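This one's a predicted model, so the numbers in the text were calculated from it and none came from an experiment. Read the numbers this way: they start at 1 and go in the same order the structure lists the ligands and their atoms.
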Amino acid sequence: MKKTDYSSGDYLKLIEMMKQDEGCVHFLWCCSERRVLPIGDVFIPEDCSNPLDYLRESGMVNNTSMGAFNVFCAQIEEGIFSGSAVNNLNVELQMNLCESAEPSMYHLFALFLRNDSQKITDIQFCIRPCSEKEAFAKQVLNLFSSDKNPKFFQQRINNMLARNRNRKIGFVQFDVERFKLINENLGSEAGDELLQFLNDSLGLICNSEQPFCRLTADVFMVVTPFDDTNELVSLVHMLESKLSDYNGIEYRLIFGICTTENIEGMNTRQMGDHATLARQSIKGNALENIAFYNGDMKTTLQKKKVIEDDMHKALINNEFVMFLQPKHCISNGRIIGAEALARWIHPEKGMISPIDFIPVFEENGFILKLDQVIWESACRKIREWIDKGIEPVPISVNVSREYLHNFDVVNQLLSYIKKYDIPIKLLELEITESIDAEGVDDIVKCMKDAGFTMLMDDFGSGYSSLNMLKTTQFDVLKIDRSFLSEFMDSDRGRKIISHTISMSHDIGLDIIAEGVETSEQAQFLNDCGCNSAQGYFYSKPIPPEDFDRKLIEVNK
Ligand code: C2E
Ligand code: CA
Ligand code: CA
């Protein structure tokens, strides 16, 4: 490769020019040779191969700006390695250039210099202190880019549309999942810093044709022209990867996207509303965080509204009832237990499935009320069996994840045991354990210490991991229906099921399979050493009176 001659005319001119710019720090990073050419009395040593690393490690960049700085560095490195269409990048950073001084705001500019084949060979850097006026302007801009002045944002969108008449337009909206929790757990200052980071980073990622704005508290929107859907997807992935990591805070961004091919007659406000619907459609979904708007979403949200309007009345009118699904011993067919599952018997709409209302309740907190109705029904049922002289079997109830940070739940459960005076062993608790649920171990231990049998629900559905088994407090693993149906089809899959079963036995955990739909599945599980099953092969969830008859009949 031809070496760049830094003593040649053009470079000397450039360096002379940079030297004259007083009050600023300049340096030239010769990327292809991985060295720095200091200009004037720069603090970065000449033998430094990556000045970005140097800035990061020197402590000159303030911690609060580290997130934005990292995004900036990633953009630069991407530019060097995979090429970049832009010619310069800049970021505002809180820095401390000399140890004694107070940290203050600086602009960090990078200008890309290219060779004949457009590859970036050098980057000219400039660190310039922000003037008071600029700092003020930034504050004003922040104010403007909030929902207090959507006109400003709208104006920028209109200008962009005027320049991109023949392109498609994407409205990409995102927010921080459970932002409230960050504020509550880490303090509102940390929350504010995170929002600032998101805002600053958007400034780096979006180009001049991509207006962006903070709409409300933690909701942001980027509007972008595009020709091919892949461009849009890569923008979203870029936002996701660059914005999802700030100062070790754990959070997830949720994206809703609405696109149009036809700018004529497009209603910006409506496009934004549709992006909101798409974003809200994923709330509470642990596996997805990006949704495109489609016409159905409106109906889904309308349905959600109907559910929310009716739920309080439903609770008072006892419209929530418990169904029971039997659990069987595979080898002798006897009923060894039941799972309590909620059903909503709506006076006009008939029976509503939990799949429709549980996610809504989990989001709005109403699940806490519903769960208690089902827990109490289960305890009442057990008392009834005992009173009627029917040999009781344990009933397992679902404990929503919303409860898992509230130790009072244990007392609540114990109060039902006491009220109905039943053996604690007859009420079992199902919890969907998941990798992202911190602190769950403590509450599970607390429940277990109180005497409850603990079942890990939906094991193998993607929420749980083998790693959790090392320290788990659970007594029983409940193999998820999807795990069974997906893995049963292949030789390798069957081996995995079989090993999961023997491994759980090895570490002293009982195991039950749910969603067993065929006799082959039951037989296979039994062959692997799993002797308990629940699923349509045996019975669907049924009303408690039907369950009683079945229990007496099967277990006689
Ligand atoms: P889950 O706890 O995993 O419950 C098992 C679900 O699988 C039940 O759906 C059950 O009807 C269904 N199922 C059982 N066997 C089979 C089978 O062989 N094939 C198929 N295709 N499905 C089978 P359901 O009753 O619709 O409940 C859905 C989910 O709603 C439950 O999943 C649980 O997460 C939640 N849920 C239900 N009742 C309650 C409740 O009282 N409290 C809470 N927190 N969640 C509940
Ligand atoms: Ca369950
Ligand atoms: Ca389950």
Side-chain angles (χ1 to χ4, degrees), residues 284-287 307 311 314-315 318-328 330 335 337-345 351-381 394-404 406 409 412-413 416 427-434 437 453-464 474 476-486 488 511-522 524-525 532-544 546-547:
N285 184 335
L287 299 179
I307 289 178
M311 63 189 190
L315 189 70
N318 297 324
E319 291 168 24
F320 296 111
V321 300
M322 171 187 77
F323 270 38
L324 291 172
Q325 184 176 34
K327 299 176 183 175
H328 285 259
I330 299 179
I335 294 179
E339 174 173 5
L341 291 156
R343 295 291 180 266
W344 183 350
I345 317 287
M351 192 157 87
I352 310 178
S353 154
I355 298 175
D356 291 324
F357 62 81
I358 298 279
V360 180
F361 290 180
E362 272 172 347
E363 204 188 315
N364 65 21
F366 195 72
I367 191 73
L368 303 184
K369 296 219 162 86
L370 175 77
D371 271 355
Q372 296 195 22
V373 171
I374 305 299
W375 299 346
E376 179 153 17
S377 307
C379 294
R380 198 186 297 121
K381 187 84 227 171
I395 299 181
S396 62
V397 295
N398 292 286
V399 179
S400 157
R401 295 163 53 89
E402 307 301 308
Y403 269 111
L404 298 183
N406 176 358
V409 60
Q412 189 72 45
L413 285 158
Y416 295 125
L427 189 70
E428 302 183 339
L429 309 181
E430 295 196 6
I431 294 181
T432 306
E433 170 67 295
S434 78
T453 303
M454 305 302 300
L455 283 72
M456 191 190 284
D457 205 356
D458 303 335
F459 184 78
S461 66
Y463 291 87
S464 49
F474 282 89
V476 184
L477 279 192
K478 236 185 143 177
I479 301 186
D480 189 61
R481 175 164 59 96
S482 60
F483 188 67
L484 192 63
S485 58
E486 274 166 37
M488 266 290 282
I511 197 154
I512 179 167
E514 72 178 333
V516 176
E517 293 182 345
T518 63
S519 62
E520 290 79 47
Q521 287 177 338
F524 171 72
L525 287 163
S532 314
Q534 172 186 350
Y536 293 175
F537 173 61
Y538 295 99
S539 165
K540 290 198 165 179
I542 48 179
D546 297 354
F547 184 90

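For the residue pair K478 and S396, no side-chain donor N or O sits within less than 3.5 Å of a side-chain acceptor on the partner.
Considering CG of L341 and CD1 of I542, their distance stands at 11.5 Å, rounded to 0.5 Å. Atoms CZ and OG1, on F524 and T518 in that order, are 11.0 Å from each other to the nearest 0.5 Å. Between the CD1 atom in I511 and the CE atom in M456 there is a gap of 10.5 Å [rounded to 0.5 Å]. Distance check: I431 CD1 to L455 CG gives 9.5 Å after rounding to the nearest 0.5 Å. Annotation: the span from D458 atom CG to E514 atom CD amounts to 5.5 Å, rounded to 0.5 Å. With rounding to the nearest 0.5 angstrom, the CD1 atom of I358 is 4.0 Å from the CD1 atom of I367.
Closest protein heavy atom to atom 5 (C) of ligand 1: E514 OE1, 3.6 Å. Closest to atom 34 (O) of ligand 1 among all protein heavy atoms lies N398 OD1, 4.8 Å. Here the protein heavy atom with the shortest distance to atom 27 (O) of ligand 1 is P354 CG, 3.5 Å. From the protein, the heavy atom lying nearest to atom 3 (O) of ligand 1 is D458 OD1, 3.2 Å. Protein heavy atom closest to atom 12 (C) of ligand 1, with residue, atom name and distance, is Y536 OH, 4.3 Å.
Close contacts of ligand 1 with E517, meaning ligand atoms under 4.0 Å from a residue heavy atom, involve 17 (C), 18 (O), 19 (N), 20 (C), 21 (N). Near P541, the atoms of ligand 1 lying under 4.0 angstrom from a non-hydrogen atom of the residue are 11 (O). Close approach of ligand 1 to I374 (heavy-atom distance below 4.0 Å) involves ligand atoms 41 (O).
When the heavy-atom distances from atom 38 (N) of ligand 1 to A342, S485, S400 are ranked, the shortest goes to A342. Between the choices V399, L341, I358, the shortest heavy-atom distance to atom 45 (N) of ligand 1 belongs to I358.
Close N/O approach between Q325 and ligand 1 is found [any backbone or side-chain N/O within under 3.5 Å]. For ligand 1, the polar-atom distance check against D371 finds a nitrogen or oxygen pair separated by under 3.5 Å. By the 3.5 Å distance cut-off applied to N or O atoms, I367 is not counted among the residues near ligand 1.
In terms of modelled atom types and a separation under 3.5 Å, the side chain of Q534 and the main chain of A338 share no donor-acceptor contact. When atom types are taken as modelled, the side chain of W344 and the backbone of V321 share no donor-acceptor pair closer than 3.5 angstrom.
Partners of F547 according to the ring pair (Phe, Tyr, Trp, His ring centres under 6.0 Å) rule, which considers only residues two or more places apart in sequence or in another chain, are W385. Partners of P543 under the side chain to side chain contact (heavy atoms under 4.5 Å, CB included) rule, at least two apart in sequence or in another chain, are F323, E545, D546. With sequence neighbours excluded, the residues satisfying ring pair (Phe, Tyr, Trp, His ring centres under 6.0 Å) with Y538 are H328.
With a heavy-atom cut-off of 4.0 Å, M322 does not touch ligand 1 at all. Under 4.0 Å from ligand 1, not a single heavy atom of Q534 appears. At a heavy-atom distance under 4.0 Å, no atom of D480 approaches ligand 1. With a 4.0 Å heavy-atom cut-off, ligand 1 is reached by the side chain of R481 but not by its N, CA, C or O.
The distance cut-off of 3.0 Å around the Ca ion (ligand 2) captures these protein N, O or S atoms, sorted by chain and number: E339 OE2, N398 OD1, E430 OE1, D457 OD2.
In this structure the side chain of Q521 reaches within 4.5 angstrom of the side chain of M488, judged on heavy atoms.
Counting protein heavy atoms under 4.0 angstrom from atom 16 (C) of ligand 1 gives one or more. For atom 29 (C) of ligand 1, the nearest protein heavy atom lies 4.0 Å or farther away.
The shortest separation from a heavy atom of E339 to ligand 1 is under 4.0 Å, placing the residue in contact.
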### Task
Show your reasoning for whether side chain to side chain contact (heavy atoms under 4.5 Å, CB included) applies to V516 and I330.
CA-CA 11 Å; V516 176; I330 299 179; over 6 Å; no

### Task
Any chance you could lay out the side chain to side chain contact (heavy atoms under 4.5 Å, CB included) test for M311 and F357, step after step, and finish with the verdict?
CA-CA 9 Å; M311 63 189 190; F357 62 81; over 6 Å; no

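Ring orientation note: the planes of F320 and F366 are tilted relative to one another, at an angle of 30° to 60°.
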